[in-house]
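Here is the structure we will look at, set down as structure tokens.
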Amino acid sequence: MIDFLRGAPVAGSLDVVWHAGRPSPNHDPAPEIQVHAYSEHTVILRQNKSVHYEAPFLFLLFGNERALLLDTGASADPAHFPLRETVDRLVTDWLERHPRPAYSLLVAHTHGHGDHVAADGQFADRPLTTVVGPGLEEVTSAFGLTDWPHRTGTLDLGGRILDLIPGPGHERAALVFHDRHTGLLLTGDSLYPGRLYIEDRTAYSATVDRLLDFCATRPVRHVLGCHIEMTTTPGEDYPRGTTHQPDEPPLQLTPDHLRTLRGALDETADHHGTHPYGDFILVYRDRPPARRARGQEPAKVVAGADPLSLKGIDQCYGRAPRSP
């Protein structure tokens, strides 16, 4: 049995140059998936930008009884994105060094957007494998997260414990994972060096407060999100759809970025649109809460409108629908 508690959080390596695509994506000789061993029991994977411009990061964590694959990337076709083959090879290699019977795999997600769940189907028929669906009911049921989003939970991989922190705001069923063994805080699309799309600012603000409270009492070595979209020039990002990013900053952020984010949310509370803040950019997809004059009636919500969607927001305010 591996002792995942002794010496925690253990140091890992982020001494890696992430492959950031090629000027001509059709002629990129690099693998479809870049694999980096952060530690003996922790692997970080990145989808090649030449395969899909989102180039999400995925995480594979090994425990004594099972491994966790966090997210499945932006492409479904194994011919272009051989995630199942790559994970099977990594699991086989790990089991050769740490043999144990009936070793299982849990596939879960930071959130349910398409660039994080596309290859779920590659694991549908894999033996000893559980795929947790990305919907809110599926997430809360699988992990026993009652009173969402106010209570945290835990996930035991066999002596390796992860804290599960509800993280709605970017997406309603988003989860943040804290690995006690390494001290990594895996924030999905809630915080990373790029465009932070906020669909529900009230929920997102509460998520940031929850993460700040969590970090105040837990050791966090690195904050790792799922994308890099910034350049090394503060406040300057690569355009959406870019397949070659030769001037990327590192993936890792720190808890200090959460404090910067808290201040940014306060400063832009009454604003809409895009707001650069050095290592990230706030992008509000909802609208600030309406400030009513004294005696003014609140806006009426149209029956059937979804207030968490762009279309629903426009319906609520009587506007013509916009494209996302």
Partner of L185 by side chain to side chain contact (heavy atoms under 4.5 Å, CB included), out of L224, V220, L253: V220

What about the rings of [X] and [Y], do their centers lie closer together than 6.0 Å?
X    : Y    : answer
Y192 : H227 : yes
H181 : F4   : yes
H178 : F214 : yes

Roughly how far, to the nearest 0.5 Å, is the [atom2] atom of [Y] from the [atom1] atom of [X]?
X    : Y    : atom1 : atom2 : answer
L184 : Q252 : CG    : CD    : 10.0 Å
T268 : Y277 : OG1   : OH    : 5.0 Å
L157 : T154 : CG    : OG1   : 10.5 Å
R46  : C226 : CZ    : SG    : 11.0 Å
E229 : R195 : CD    : CZ    : 4.0 Å
T152 : D147 : OG1   : CG    : 11.0 Å

Counting C-beta onward and ignoring hydrogens, is there a side-chain heavy-atom pair between [X] and [Y] closer than 4.5 Å?
X    : Y    : answer
I228 : P249 : yes
Y284 : R201 : yes
D286 : T202 : no
L70  : L61  : no
E138 : F143 : no
L155 : L68  : yes
L191 : L258 : yes
Y238 : M230 : no

Less than 3.5 Å apart, any donor N or O on the side chain of [X] or [Y] sitting next to an acceptor on the other?
X   : Y    : value
D71 : T110 : yes
H52 : H80  : no
H19 : D28  : yes

On the six-membered ring of F62, is R160 placed so that its NZ or CZ lies under 6.0 angstrom from the centre and within 45° of the ring axis? no

Pairing residues for D189 by the salt bridge (Lys or Arg N to Asp or Glu O under 4.0 Å) criterion, not counting sequence neighbours: none

Heavy atoms from other residues, nucleotides or ligands near [atom1] of [X] exceed 12 (cutoff 6.0 Å):
X   : atom1 : result
R6  : CZ    : no
H98 : NE2   : yes
E85 : CD    : no

Evaluate the side-chain hydrogen bond (donor to acceptor under 3.5 Å, both in side chains) criterion for residues T92 and R89: first the C-alpha distance (whole Å), next the side-chain angles of each, then the deciding distance (0.1 Å), finally the verdict. CA-CA 5 Å; T92 297; R89 173 173 52 82; over 6 Å; no

Applying ring pair (Phe, Tyr, Trp, His ring centres under 6.0 Å), name anything that partners F57, two or more places apart in sequence or on another chain. W18

Going hydrophobic residue to hydrophobic residue with side-chain gaps under 4.5 angstrom, can you get from V223 over to L45?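 Different clusters.
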
Report the C-alpha distance between T232 and E248 in whole Å, list the side-chain angles of each, state the deciding distance to 0.1 Å, and finish with yes or no for side-chain hydrogen bond (donor to acceptor under 3.5 Å, both in side chains). CA-CA 6 Å; T232 54; E248 286 187 341; over 6 Å; no

Would you sort out whether T254 and H257 count as a side-chain hydrogen bond (donor to acceptor under 3.5 Å, both in side chains), showing the intermediate values? CA-CA 6 Å; T254 71; H257 287 90; 3.2 Å; yes

